[in-house]
Amino acid sequence: MPSLLGAGLVLLLIFWLGFLSLKIKFPNVILYILLGIVLAGALHHNELLHFASEIGIVLLFFLLGLEFNIKRLGGIAKKIWPAGFLDVGLSLGVSMAITYAFGLDLFTSFLIGGVTYATSSSITAKLLDDTSRMANRETEFILALLIFEDLVAPIVVAIIMGMSSGGDFAPIDLAILIGKIVGLALGAIILGKTLFKRFEVLLEKIDDEDFKIALLIGIALAYGGLALYLDLSEVLGAFLAGIMLAEIGKIERVEQTVLPVKDLMLPLFFVYFGTTIEFGDGIPMLGLLLTLIGWGLIAKLLVGIIGGKLYGLSKRVSLRAGLSICSRGEFSVVIAALATGTIKVFSGMYILVAAFIGMLLFERAPNITNLIYGKPKKKKKNLKVPGS
């Protein structure tokens with residue numbers, strides 16, 4: 001089959017699945033991964049699909065970085081850090097310890113801990129909107145926690161890539177890796193404060209949208225490529241490239257240009273990930289899988305209940321928040337893509353099951369909360385008597 005025909009058919013299938021997900025209110029990320037699993041025989045090791053998928057995930061993290069200027073990062077960290085570090089400890093740390101206790105090596109345990117860590121931003125944000133819960137009291141806490149995870153996830157990916165580069169990973173290697181991450185981050189901040197300080201003026205002068213696309217996507221890919229050159233993760237580089245441009249006045253001009261390309265390419269990342277999952281003899285390490293799924297749900301509930309209280313929420317609202325952050329998605333896929341063989345199959349199964357259970361818990365969070373704490377009492381309105 002000609003590559004052009006194959007690409008067209010894949011894009012048409014992505015459109016159909018995206019349309020189907022809207023109709024049945026089901027996360028399109030899961031459908032795209034399942035499509036990749038179905039098409040694995042035809043698309044496995046397809047370099048064109050792989051390259052397009054890399055562009056998609058780089059642009060996703062670039063757009064995420066655009067949301068965080070230095071001032072906003074400081075404001076978010078100040079309020080959410082207790083819940084954020086609790087999340088890292090329970091969802092990543094304890095999951096890593098459980099995996100290690102099952103007999104797996106330290107690197108594999110850390111990788112699986114990374115897979116179990118981050119809540120899916122795309123699934124959670126979409127469900128918040130679909131269920132009209134954007135105005136709820138727990139929503140600010142949920143979004144702040146997602147932002148904290150957005151900041152931690154690229155660092156986790158970078159560490160995993162550094163550990164997987166081959167040979168023994170000594171303490172000096174960790175120090176060098178952290179030094180590279182800090183250097184890349186400082187470079188982005190310095191460039192943002194100097195070279196890109198007047199970037200908004202340049203964008204206003206560019207009338208041709210084609211040139212603007214080339215400039216912005218070139219910056220994202222170049223800084224992501226620089227991170228790869230330093231043996232770090234391209235998603236970390238792209239995220240920092242976004243932060244680099246976040247200081248300009250009107251980031252929506254950048255978003256409007258990059259967003260259509262990201263929306264086209266990102267589904268291909270999930271499809272490609274699906275093509276790399278080879279089930280073979282069945283589901284590996286079923287006992288560990290079930291244990292981690294169970295612990296993953298408990299960990300996020302504890303983050304919601306304890307972290308929500310630390311954030312200033314009531315018990316009722318904290319529980320509702322915990323039930324709403326159990327789904328896994330794009331960040332877990334990014335980390336799972338670094339695995340090989342049975343670990344990749346294991347990670348893929350975890351993501352699919354956790355995303356589905358998380359979606360169900362989100363939709364039933366208000367009902368479960370009412371079942372435990374009872375229905376909230378409506379406040380009586382004080383009616384004023386005329387003339388009083």
Legend entry - Path from L195 to L184 over hydrophobic side-chain contacts below 4.5 Å: yes
Inset, instruction - Could you tell me which residues satisfy side-chain hydrogen bond (donor to acceptor under 3.5 Å, both in side chains) with T99, sequence neighbours excluded, listed by chain and number? - result: none
Legend entry - Main-chain N/O of L230 paired to K180 side chain as donor or acceptor, under 3.5 Å: yes
Inset, instruction - Indicate, with yes or no, if I55 and L4 share a hydrophobic cluster defined by side-chain heavy-atom contacts under 4.5 Å among Ile, Leu, Val, Met, Phe, Trp and Tyr. - result: no
Inset, instruction - Tell me, yes or no, whether the heavy-atom count around F51 atom CZ, taken from other residues, nucleotides or ligands under 6.0 Å, exceeds 12. - result: no
Inset, instruction - Just say parallel, tilted or perpendicular for the rings of F15 and F19, cut-offs at 30° and 60°. - result: parallel
Legend entry - Beyond-backbone contact of R320 with I368, side-chain heavy atoms, under 4.5 angstrom: no
Legend entry - 4.5 Å side-chain heavy-atom contact, L338 and K344: no
Legend entry - Y311 six-ring face occupied by K79 cation (under 6.0 Å, within 45°): yes
Legend entry - L245 and L216: CA distance, side-chain angles, deciding distance, side-chain contact (heavy atoms from CB on, under 4.5 Å) verdict: CA-CA 10 Å; L245 300 187; L216 294 172; 4.2 Å; yes
Legend entry - Under the side-chain hydrogen bond (donor to acceptor under 3.5 Å, both in side chains) test, residues paired with S324 that sit two or more places apart: R133
Inset, instruction - Spell out, as yes or no, whether a donor-acceptor pair under 3.5 Å connects the side chain of N136 to the backbone of T139. - result: no
Inset, instruction - Not counting sequence neighbours, list each pair that qualifies as a side-chain hydrogen bond (donor to acceptor under 3.5 Å, both in side chains) and has a residue in residues 355-375. - result: R316-N370
Inset, instruction - Check step by step if side-chain contact (heavy atoms from CB on, under 4.5 Å) holds for M96 and L106. - result: CA-CA 8 Å; M96 178 182 172; L106 188 63; 3.4 Å; yes
Inset, instruction - Could you pull out all residues at least two apart from D105 that satisfy side-chain hydrogen bond (donor to acceptor under 3.5 Å, both in side chains)? - result: T108
Inset, instruction - Ignoring hydrogens and angles, tell me if any N or O in the side chain of T116 forms a donor-acceptor pair with the backbone of S91 under 3.5 Å. - result: yes
Inset, instruction - Determine whether S120 and R328 make a side-chain contact, defined as any pair of heavy atoms from C-beta on separated by less than 4.5 Å. - result: no
Inset, instruction - Report yes or no: do L228 and V156 belong to one cluster of Ile/Leu/Val/Met/Phe/Trp/Tyr joined by side chain heavy-atom distances under 4.5 Å? - result: yes
Legend entry - salt bridge (charged side-chain N to carboxylate O under 4.0 Å, His left out) contacts in which one or both residues fall within residues 295-307, not counting sequence neighbours: D87-K300, E149-K300
Inset, instruction - Could you walk me through whether V261 and L59 pass side-chain contact (heavy atoms from CB on, under 4.5 Å), step by step? - result: CA-CA 8 Å; V261 184; L59 294 183; 3.7 Å; yes
Inset, instruction - Check whether any side-chain heavy atom of I155 lies under 4.5 Å from a side-chain heavy atom of I159, and answer yes or no. - result: yes
Inset, instruction - Go through L236 and V157 one step at a time and tell me if the side-chain contact (heavy atoms from CB on, under 4.5 Å) criterion holds. - result: CA-CA 8 Å; L236 176 63; V157 175; over 6 Å; no
Inset, instruction - Check side chain to side chain contact (heavy atoms under 4.5 Å, CB included) between L302 and all other residues, then give those that pass, not counting sequence neighbours. - result: L90, W295, I298, I306
Inset, instruction - Give, for atom CG of L288 and atom CD1 of I98, the distance between the pair rounded to the nearest 0.5 Å. - result: 8.0 Å
Inset, instruction - State whether the side chain of S347 and the backbone N or O of A336 hold a donor-acceptor pair below 3.5 Å, judged by distance alone. - result: no
Legend entry - ring-ring contact (aromatic ring centres under 6.0 Å, His included) involving Y272 - partner list, sequence neighbours excluded: H50
Inset, instruction - State which residues pass side chain to side chain contact (heavy atoms under 4.5 Å, CB included) with I293; sequence neighbours excluded, sorted by chain then number. - result: L289, Y350, V353, I357
Legend entry - Side chain proximity check, L60 to F269, heavy atoms < 4.5 angstrom: no
Inset, instruction - Quick one: which residue pairs count as a ring-ring contact (aromatic ring centres under 6.0 Å, His included) with a foot in residues 326-346, not counting sequence neighbours? - result: F61-F331
Inset, instruction - Could you state whether L22 and I24 fall into the same hydrophobic cluster, counting links through intermediate Ile, Leu, Val, Met, Phe, Trp or Tyr residues with side-chain heavy atoms under 4.5 angstrom apart? - result: no
Legend entry - From M244 atom CE to I219 atom CD1, the distance as rounded to the nearest 0.5 Å: 6.0 Å
Legend entry - Partner set under side chain to side chain contact (heavy atoms under 4.5 Å, CB included) for L5, not counting sequence neighbours: M1, P2, L9
Legend entry - Side-chain (Y117) to main-chain (S95) donor-acceptor, under 3.5 angstrom: no
Inset, instruction - Applying side-chain hydrogen bond (donor to acceptor under 3.5 Å, both in side chains), name anything that partners N28, two or more places apart in sequence or on another chain. - result: none
Legend entry - Cluster link V254 to I213, ILVMFWY, side chain under 4.5 Å: yes
Inset, instruction - Would you check if L92 and V152 make a side-chain contact, meaning some heavy-atom pair closer than 4.5 Å? - result: no
Inset, instruction - Name all residues meeting the side chain to side chain contact (heavy atoms under 4.5 Å, CB included) criterion together with A337; count only those two or more places apart in sequence or in a different chain, and write none if there are none. - result: F273
Inset, instruction - Would you confirm whether T119, through its side chain, and I325, through its main-chain N or O, come within 3.5 Å as a donor-acceptor pair? - result: yes
Legend entry - Heavy-atom side-chain proximity of L264 to L11 below 4.5 angstrom: yes
Legend entry - Flag side-chain contact, heavy atom, 4.5 Å: V88 against F148: yes
